[in-house]
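See below for the structure under consideration.
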Amino acid sequence: MSESPVFSPWEALVALMARLRDPVAGCPWDRRQTFATIAPYTLEEAYEVLEAIARGDMDELREELGDLLFQVVFHARMAEEAGHFDVQDVARGLVEKMVRRHPHVFGEVRHEDEAGLKAAWEAQKTLERERKRPPDQPPSALDGVALALPALTRAVKLQKRAAREGFDWPDAEAVWPKIDEELAELRAGLAAGDVANIEEEVGDVLFAITNLARKLGVDPEAALRGCNAKFERRYRGMEAVAAARGLRLADLTLDEQEAIYREVKRGEA
């Protein structure tokens, strides 16, 4: 009896994915999936990687990176079944791109400082975007900013691209009047009962605040994520305090809830 082949972890993962998608012996759920149905899971796994990093939990990070890698292999397997490419093509293309973008490591090019290195990196990415652009589409400084990015992250990327062309505030202080202007327009719209444009006006306020965060060197996505975590921590603390006193937050007045909130906040100091 011949011995079973010994697979590397990578080969085992690729083989496992092929088995899950097998039209006869595979998993019915996995076989039903498409690029569109799997995409939300891919995004979710990426965010779970970020959460593990934020917690500094290396065991969790290892597991979440595995889940994200599984998503990559899943998409590649579906592409292979459709005759487009396979996971080896994905890895090969990635290696080629990284070598191309690092001529200072894999070639003879050298840069004097980090600014020169960054400029060369951006120039290479610009060439790659130009190759991808449809021939009937005019070039734009905003080419290649993915539509599927979180809105705050995409706002920062759009603003940075425009800033390269000189369309930018000189400093953070110069952004404040724009924020005041957008807030005034939002208040005016609310006062006039202009419900149809409220969403747009709120968006303008958020975009202006994102500009301020960028000029201050703050990632607005990370800042809001941190604020969410702080709110969740404090609200759970409020629930715990209320429960310890035999109370339910929902039964308390807003003033009573606020008093407990301040108590929890003081406890964090």
Side-chain angles (χ1 to χ4, degrees), residues 32-51 53-54 64-65 67-80 82 84-85 87 89-91 93-94 96-98 100-101 118 121-169 175 178-179 182 185-186 196-215 217-228:
R32 279 199 310 271
Q33 302 313 305
T34 66
F35 295 112
T37 61
I38 284 295
Y41 296 100
T42 307
L43 184 60
E44 180 180 340
E45 297 299 351
Y47 280 119
E48 290 181 358
V49 167
L50 292 180
E51 184 174 345
I53 292 172
E64 296 302 344
L65 285 172
D67 291 343
L68 184 57
L69 178 59
F70 184 78
Q71 293 295 308
V72 173
V73 175
F74 206 138
H75 283 283
R77 178 64 194 181
M78 291 187 290
E80 181 180 0
H84 300 305
F85 58 82
V87 73
D89 295 321
V90 173
L94 175 60
E96 291 173 356
K97 180 169 66 176
M98 289 298 104
R100 188 169 62 246
R101 289 184 179 180
K118 183 177 181 180
W121 172 273
E122 293 299 340
Q124 179 60 43
K125 289 179 69 176
T126 298
L127 288 175
E128 293 172 8
R129 286 193 294 268
E130 288 176 355
R131 284 197 293 267
K132 293 178 181 179
R133 189 176 60 248
D136 59 342
Q137 179 179 313
S140 170
L142 306 182
D143 285 344
V145 181
L147 288 169
L149 287 170
L152 290 176
T153 299
R154 189 163 193 270
V156 171
K157 286 185 173 291
L158 291 171
Q159 292 163 5
K160 285 183 175 179
R161 291 287 187 85
R164 291 181 199 167
E165 307 297 312
F167 189 65
D168 194 16
W169 307 104
V175 185
K178 185 62 176 177
I179 294 176
E182 298 298 353
E185 290 181 5
L186 175 58
N197 291 320
I198 294 304
E199 181 176 332
E200 180 180 348
E201 297 296 351
V202 170
D204 290 343
V205 171
L206 291 173
F207 194 82
I209 291 175
T210 299
N211 248 317
L212 176 63
R214 178 178 59 87
K215 298 302 288 186
V218 173
D219 177 358
E221 192 75 34
L224 186 57
R225 193 180 303 119
C227 186
N228 288 343

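This is a predicted model, so every value here is computed, not measured.
Here the closest non-hydrogen pair linking Thr42 and His75 is OG1-NE2, 2.9 Å. Closest of all the heavy-atom pairs between Ala46 and Leu68 is N-CD1, 4.0 Å. Residues Thr210 and Pro220 share a closest heavy-atom pair of CG2-CG, 3.8 Å.
Applying the ring pair (Phe, Tyr, Trp, His ring centres under 6.0 Å) test to Phe85 and every residue at least two apart in sequence or in another chain returns nothing. Every side-chain contact (heavy atoms from CB on, under 4.5 Å) that Arg164 has, sequence neighbours left out, goes to Glu122, Arg129, Arg161. Evaluation of the salt bridge (charged side-chain N to carboxylate O under 4.0 Å, His left out) rule for Asp168 yields Arg214, Lys215 as partners, not counting sequence neighbours. Under the rule for a salt bridge (charged side-chain N to carboxylate O under 4.0 Å, His left out), the partners of Glu80 that lie at least two apart in sequence or sit in another chain are Arg77. In terms of the ring pair (Phe, Tyr, Trp, His ring centres under 6.0 Å) criterion, Tyr47 has no residue partners (sequence neighbours excluded). Take Arg101 and apply the salt bridge (charged side-chain N to carboxylate O under 4.0 Å, His left out) test, not counting sequence neighbours, and it matches Glu128. With sequence neighbours excluded, no residue satisfies side-chain contact (heavy atoms from CB on, under 4.5 Å) with Glu199. A search for salt bridge (charged side-chain N to carboxylate O under 4.0 Å, His left out) contacts involving Glu182 returns Lys178, not counting sequence neighbours. In this structure Leu186 satisfies the side-chain contact (heavy atoms from CB on, under 4.5 Å) test together with Leu190, Ile198, Glu201, Val202, Val205, sequence neighbours excluded. Scored by the ring pair (Phe, Tyr, Trp, His ring centres under 6.0 Å) test, Phe207 finds no partners at all (sequence neighbours excluded). Every residue two or more places apart in sequence or in another chain that forms a side-chain contact (heavy atoms from CB on, under 4.5 Å) with Ala222 is listed here: Asp219, Arg225.
When side chains are defined from C-beta on, Pro150 counts as touching Thr153, because their heavy atoms get closer than 4.5 Å.
Rounded to the nearest 0.5 angstrom, Leu142 CG and Leu158 CG are separated by 5.5 Å. Here CG of Asp89 is found 12.5 Å from NE2 of His84. Values are rounded to the nearest 0.5 Å. Taken from CD in Glu51 to CD in Glu45, the straight-line distance is 11.0 Å, to the nearest 0.5 Å. For the atom pair CD of Gln71 and CD1 of Ile38, the computed distance is 5.5 Å after rounding to the nearest 0.5 Å. A distance of 11.0 Å separates CG in Asp204 from CD1 in Ile209, rounded to the nearest 0.5 Å. Once rounded to the nearest 0.5 Å, the distance linking CZ of Phe74 with CG of Leu69 reads 13.5 Å.
Annotation for Phe70: atom CZ counts as buried by contact number, over 12 foreign heavy atoms lying within 6.0 Å.
Pairs engaging residues 147-157 under the salt bridge (Lys or Arg N to Asp or Glu O under 4.0 Å) rule: none recorded [sequence neighbours left out].
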